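Taking it in order: structure first as structure tokens, then the write-up.
A, B, ... follow the sequence lines: proteins, then strands. Residue 1 opens every chain. Because the structure is a prediction, the values reported are computed rather than measured. We use all heavy atoms of the structure for the numbers below, so side chains are in, but hydrogens, waters and symmetry mates are not.
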2 protein chains.
Amino acid sequence: MGQTVATIDDVAKKAGVSKGTVSSVFSKKRPISRQVTERVLEVAKDLGYFPNHVARSLAIKKTMIAGLKMPISKDSNMSGFEIQMINGVMKECSKNGYRLLLDTLPEHDDPTQFSIDPVDGVIMLNPRKQDPRIERYKQMGIPLVLVGRPDPEDETVCYVDNNNRDLGFKVGEYLLGIGHRDILFLNAASDMTVAYDRENGLAGSFAAQGIPYGSVQVLNYSRKMHYNAAEYGYRSIMETFGKKHYTAVIADTDRVALGVLRAARELNIDVPVRLSVIALSNDATVAQETTPKLTSVDQSAEILGAEAAKILIEKMNDSSIVHQRVIDAKLVIRESCSHLS
Amino acid sequence: MGQTVATIDDVAKKAGVSKGTVSSVFSKKRPISRQVTERVLEVAKDLGYFPNHVARSLAIKKTMIAGLKMPISKDSNMSGFEIQMINGVMKECSKNGYRLLLDTLPEHDDPTQFSIDPVDGVIMLNPRKQDPRIERYKQMGIPLVLVGRPDPEDETVCYVDNNNRDLGFKVGEYLLGIGHRDILFLNAASDMTVAYDRENGLAGSFAAQGIPYGSVQVLNYSRKMHYNAAEYGYRSIMETFGKKHYTAVIADTDRVALGVLRAARELNIDVPVRLSVIALSNDATVAQETTPKLTSVDQSAEILGAEAAKILIEKMNDSSIVHQRVIDAKLVIRESCSHLS
DNA sequence: AGATTTCATTAAACCGGTTTAACAAAGGTC
DNA sequence: GACCTTTGTTAAACCGGTTTAATGAAATCT
């Protein structure tokens with residue numbers, strides 16, 4: 001019973017072979033005779049020896065770990081979007097033998113504290129404007145894929161992104177098509193580029209049909225509201241219905257839509273007859289279980305994550321490649337919207 | 001522009017100091033004069049040097065990474081339970097400066113492929129019966145905390161677990177208290193110990209009041225059903241209502257309950273008047289957004305995860321400690337159950 | 001049988017850091 | 001001025017693996 005963990009040297013000594021031989025037995029990278037192999041494995045089992053991943057990584061400069069950099073706030077939980085994205089990343093990594101290092105730690109202020117992480121590549125969520133980390137990863141020689149567009153645009157960096165403008169456009173096009181003009185848009189926080197892009201797309205759909213955009217009212221979620229997404233949807237309706245005039249609501253996420261539906265029930269507003277609700281969905285499973293089922297524009301965070309992982313895995317094998325993929329949204333008509341008569 | 005990444009030796013040479021000095025400048029573990037510090041940092045910046053986490057880990061035998069071992073199936077997504085649990089683990093780790101290595105890779109069959117992972121400790125989800133990994137981690141000297149009870153019981157291993165028996169008991173006690181006898185229990189898959197424990201608790205509540213258990217009908221989810229949890233709830237009701245007689249439904253998760261509610265709406269069954277629904281909830285945010293709001297027994301997967309992480313962090317500092325925490329469920333009465341008249 | 005190739009093994013260098021022990025120079029005490 | 005600390009620095013050993021170049025033995029070819 002060693003207090004201490006057995007190392008390759010212990011095994012080599014006890015088996016009467018060199019450490020190189022033991023290494024070869026475990027890595028199978030070089031042929032080793034049957035007898036020696038058996039003796040080494042026997043001794044290793046005896047000693048409870050297992051190769052040390054860190055030491056191996058240092059030597060071969062490879063960890064088979066992908067990093068996922070994703071800030072979280074202390075109080076609130078992961079959003080549906082983040083969860084689904086992780087899901088996609090995870091599955092793709094798992095499929096290719098990679099594990100995932102979830103790094104939710106806040107950025108260091110002290111530059112001496114940065115270090116080259118034990119990963120072969122990194123997926124970074126929501127890059128900030130002029131994000132200094134992009135350059136840093138380049139210096140470190142670590143492949144990087146962003147989820148979200150870099151700002152300023154950069155031809156040399158890989159990213160995947162939802163086409164949020166398209167998302168907004170499709171929603172607008174649909175709602176206009178079924179006669180709605182007065183629309184309440186419960187958008188994401190205004191400092192997020194997604195919020196900007198979506199509203200931009202929505203406005204674009206109005207412009208495309210020559211309809212004045214003034215009848216759209218936009219609210220923005222704010223982290224300062226200390227309640228969750230569903231509550232945001234609920235309160236927004238409770239506080240505005242009757243005061244403001246709208247016949248359709250665009251909810252930023254499925255959760256927000258859930259809150260909207262609850263408020264509607266409480267106020268006895270018949271959805272979709274009196275009020276149409278459309279969700280910018282990132283989790284299709286929720287949208288299908290409501291009553292009425294949510295009409296939504298799916299942006300599949302899972303596909304986004306999987307796509308990011310695929311690109312990263314490709315890039316880890318050939319660091320010269322650059323892929324930038326923008327994924328269009330898909331309108332799924334269910335039951336929560338109706339033609340304005 | 002070196003094709004290669006700068007190392008501590010490069011910095012030492014260019015700054016005209018020893019590598020030990022450079023090390024001290026970055027680790028701040030030993031005093032270094034102002035002038036030297038500045039010169040070294042200057043050179044490091046020039047060269048784009050960042051300390052290598054892997055090399056450092058090897059030397060100090062510490063990674064500041066916690067492992068989370070969690071199998072996933074290729075096709076299905078993480079369950080709400082898993083998501084919430086990860087959430088809890090993540091927050092707790094983040095708070096203490098740890099990152100999280102999500103290991104969803106299937107177990108290796110080849111024993112030479114095991115290795116001591118680059119983690120300071122591991123949280124393992126759903127240990128199997130006689131799980132060999134428990135012993136292996138012990139040999140590796142890696143602190144381990146289970147989520148779920150080890151089988152066979154083991155005094156020396158840390159774990160956290162829901163008190164699933166208590167969960168079942170509380171549900172039964174409540175439903176019996178409001179007059180229900182004929183109950184449909186949509187339970188988890190029958191090969192999971194949680195399913196057994198819950199039914200055991202439910203039966204216990206009947207026994208405690210001397211009521212025959214025969215009026216309870218139990219269904220079990222099966223992975224062979226190729227549909228999700230919500231669909232399980234939906235179909236179960238659609239297929240049995242009218243054929244079997246029950247006045248209350250116990251749903252294994254929030255998602256299942258969602259499906260039950262949808263079926264009820266479709267069949268025009270008034271919940272809670274004609275049918276009471278109670279959920280074994282692992283995600284309180286869903287339960288609050290349904291109509292009617294779900295009465296549930298909360299088992300907060302998030303708290304479970306956080307608790308596991310807390311214990312692990314404690315154990316990583318003092319490996320001798322052993323904590324086993326069983327967390328009782330909490331009945332939250334909302335709107336989906338009513339007294340049987 | 002001798003020359004040549006193949007195969008298994010090893011010693012030593014290497015990966016990129018940290019840490020120990022030794023030491024020189026500067027500062028403090030009497 | 002001799003003696004003791006303190007401070008800053010370094011060379012070398014170390015963490016636990018992989019890999020290269022060298023070597024000796026066995027197998028194959030003339």
- request: Give the rounded distance in Å between these two atoms: CD1 of A:Ile116 and P of C:dG16.
  value: 9 Å

- request: Please tell me which of A:Phe50 and B:Arg30 maps to the more 5' nucleotide of DNA chain D, matching each residue to the nucleotide holding its nearest heavy atom.
  value: B:Arg30

query: Is a salt bridge present between A:Glu42 and A:Lys45, judged by a nitrogen-to-oxygen distance below 4.0 Å?
result: no

field: Distance, rounded to the nearest Å, where B:Lys62 contributes NZ and D:dC14 contributes C1'
entry: 19 Å

- request: Just call it for A:Val36: base, sugar-phosphate, or nothing, with non-hydrogen atoms closer than 4.0 Å on any strand.
  value: sugar-phosphate

task: Starting at atom CG of A:Asp9, determine the distance to atom C1' of D:dG16, rounded to an integer number of angstrom.
output: 7 Å

message: On DNA chain C, does the nearest nucleotide to B:Ser24 precede the nearest nucleotide to B:Ala55 from the 5' side, or the other way round? Give the residue.
response: B:Ala55

message: Under 4.0 Å from OP1 or OP2 of D:dG16: is there any side-chain N or O of B:Lys61 that close?
response: yes

- prompt: D:dG16 P sits how many Å from A:Leu58 CG, rounded?
  reply: 12 Å

message: Run B:Ile60 and B:Arg56 through side-chain contact (heavy atoms from CB on, under 4.5 Å) and show every step you take.
response: CA-CA 6 Å; B:Ile60 67 178; B:Arg56 196 202 301 251; 4.1 Å; yes

message: With a 4.0 Å limit, can you tell me whether B:Ser33 has a side-chain N or O closer than that to the phosphate oxygens OP1/OP2 of D:dT9?
response: yes

Lys/Arg N to Asp/Glu carboxylate O, A:Asp110 vs B:Lys28, below 4.0 Å: yes

field: Heavy-atom closest pair, residues A:Asp120 and A:Thr63
entry: OD1-N, 2.8 Å

query: In whole angstrom, what separates B:Phe26's CZ from C:dG17's P?
result: 9 Å

For atom CZ of B:Arg34 and atom C1' of D:dT7, their distance in whole Å: 16 Å

- request: For the pair A:Ser24 (side chain) and A:Gly20 (backbone), establish whether a donor and an acceptor sit closer than 3.5 Å, ignoring hydrogens and angles.
  value: yes

- request: Tell me what B:Ile60 touches on the nucleic acid: a base, only sugar-phosphate, or nothing, going by heavy atoms under 4.0 Å.
  value: sugar-phosphate

task: Please tell me which of the listed nucleotides, D:dG17, C:dA11, D:dG8, lies nearest to the side chain of A:Ser18?
output: C:dA11

- request: Measure distances between side-chain N and O atoms of B:Lys19 and base N and O atoms of C:dG16, and say whether any donor-acceptor pair falls under 3.5 Å.
  value: no

query: When rounded to the nearest 0.5 angstrom, what is the spacing between CE in B:Met140 and CG in A:Asn52?
result: 10.0 Å

- request: May I ask you to say what B:Ser23 touches in the nucleic acid, namely base, sugar-phosphate or nothing, with a heavy-atom cut-off under 4.0 Å?
  value: base

message: Without decimals, in angstroms, what is the distance between B:Lys13 NZ and D:dT10 C1'?
response: 17 Å

query: Would you call B:Arg34 and B:Glu38 a salt bridge, taking side-chain N to carboxylate O under 4.0 Å as the test?
result: yes

Please list, pair by pair, any protein nitrogen or oxygen found under 3.5 Å from a nitrogen or oxygen in nucleotides 5-7 of chain C.
none

- line: Against the side chain of A:Tyr49, the closest entry in C:dT20, D:dG17, D:dG16 is D:dG17

query: B:Ala59 has a side chain; which of D:dT19, D:dC15, D:dG16 sits nearest to it?
result: D:dC15

- prompt: So what does B:Val17 hit on the nucleic acid, given a heavy-atom distance under 4.0 Å: a base, only sugar-phosphate, or nothing?
  reply: sugar-phosphate

message: Nearest 0.5 Å, please: how far is CD in A:Gln139 from CD in A:Glu135?
response: 5.0 Å

- prompt: Taking only N and O in the side chain of B:Thr21, is any of them less than 4.0 Å away from OP1 or OP2 of D:dT10?
  reply: yes

- prompt: Whole Å only: how far is the CD atom of A:Gln35 from the C1' atom of C:dT9?
  reply: 13 Å

- request: For B:Val22, report the nucleic acid contact type (base, sugar-phosphate, nothing); a contact means any heavy atom under 4.0 Å.
  value: nothing

